[in-house]
Amino acid sequence: MPAFVSAGRFLFAVLFIFTGASKLLDLPTTTQLTQKIVVPEMLTAYTSQLEGFAGMPFAQMLAIAAGATELICGLMIALNFGARFFALVLVLFVAATIFYYHDFWNQTGVDAQNNLIAALKNLSLIGALLIIAGIGRGAPAIASSHDG
């Protein structure tokens, strides 16, 4: 049974490794997608300071952060190093993705239907991530049914 858990954890993580690497390898497209995220006005002074410090637009910093988050968390889950922590980080990441990119509640028709399906798929990913967070480094021990 532990081999199934390890194989499943590795195969599950491939999705995040691939999408994270893809985001980083196509940074202009990822940056364009992150422009959908609206920074609250009370934080714009801080984001402007970050832009000056980093020498790049905030949307590009978000794109790099998104790709790095997926890639690093995926690798750590695949390698079973800090799997609980990195699974929980991805729970927050995927939840934010649902909110910002699959907002079916603001749409109608085919767009609403397609984004509802995407949101439900992401909700399933959150479920799997919670299982990984619950299992941790290894498979749960099976309790003996007798006092022995």
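Keep in mind that the numbers below use all heavy atoms, side chains included, and drop hydrogens, waters and symmetry copies. Numbers for residues simply follow the sequence, beginning at 1.
Other residues, nucleotides and ligands place more than 12 heavy atoms under 6.0 Å from the CD atom of Gln107.
Side-chain heavy atoms closer than 4.5 Å link hydrophobic residues (I, L, V, M, F, W, Y) into clusters, and following such links, even through other members, never connects Leu129 to Leu11. The hydrophobic clustering, which links ILVMFWY residues whose side-chain heavy atoms are closer than 4.5 Å, places Phe99 and Ile117 apart. Val14 and Ile135 end up in different hydrophobic clusters when Ile, Leu, Val, Met, Phe, Trp and Tyr side chains are linked at under 4.5 Å. No continuous path of ILVMFWY side-chain contacts below 4.5 Å connects Phe86 to Phe10, so the two sit in separate hydrophobic clusters. No continuous path of ILVMFWY side-chain contacts below 4.5 Å connects Ile77 to Leu92, so the two sit in separate hydrophobic clusters.
In this structure, Gln32 CD and Leu27 CG are separated by 12.0 Å, a value rounded to the nearest 0.5 Å. Atoms CG and CE, on Leu71 and Met76 in that order, are 9.0 Å from each other to the nearest 0.5 Å. Between the CZ atom of Phe104 and the CG atom of Asn114 there is a distance of 12.5 Å, given to the nearest 0.5 Å. From Leu24, atom CG reaches atom OG1 of Thr19 across 10.0 Å, with rounding to the nearest 0.5 Å. Rounded to the nearest 0.5 Å, atoms CG (Leu125) and CZ (Phe93) are 11.0 Å apart.
Formation of a donor-acceptor pair under 3.5 Å by the Ser6 side chain with backbone atoms of Ala3 is not found in this model.
Nearest heavy-atom pair across Met61 and Ala54 is SD-CB, 3.8 Å. Between Ala87 and Ile132 the shortest heavy-atom distance is CB-CG2, 3.9 Å. The minimum heavy-atom distance between Gly20 and Glu70, with the atom names listed, is CA-CB, 3.6 Å. Among all heavy-atom pairs drawn from Ile98 and Leu123, the shortest one is CD1-N, 3.9 Å. Counting all heavy atoms, side chain and backbone alike, Ala83 lies closest to Arg9 at CB-NH1, 3.7 Å.
Looking at heavy atoms from C-beta onward, Asp26 lies in side-chain contact with Pro28 at the 4.5 angstrom threshold. Side-chain contact check for Gln60 versus Glu51: every heavy-atom pair is 4.5 Å or farther apart. No side-chain heavy atom of Asn106 sits under 4.5 Å from any side-chain heavy atom of Asn115.
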Under the side chain to side chain contact (heavy atoms under 4.5 Å, CB included) rule, what do Thr34 and Tyr101 come out as? Steps first, then yes or no, please. CA-CA 9 Å; Thr34 61; Tyr101 293 99; 4.2 Å; yes

Would you check, one step at a time, whether the test side chain to side chain contact (heavy atoms under 4.5 Å, CB included) holds for Met56 with Thr31? CA-CA 11 Å; Met56 67 179 78; Thr31 299; over 6 Å; no

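Listed by first and then second residue, the salt bridge (charged side-chain N to carboxylate O under 4.0 Å, His left out) pairs involving residues 101-123 are Lys36-Asp103 (not counting sequence neighbours). Each ring pair (Phe, Tyr, Trp, His ring centres under 6.0 Å) pair with one or both residues in residues 11-59, not counting sequence neighbours, appears once here: Phe12-Phe16.
Residue Cys73 forms a side-chain contact (heavy atoms from CB on, under 4.5 Å) with just one option from Leu88, Ile17, Leu90, and that option is Leu90.
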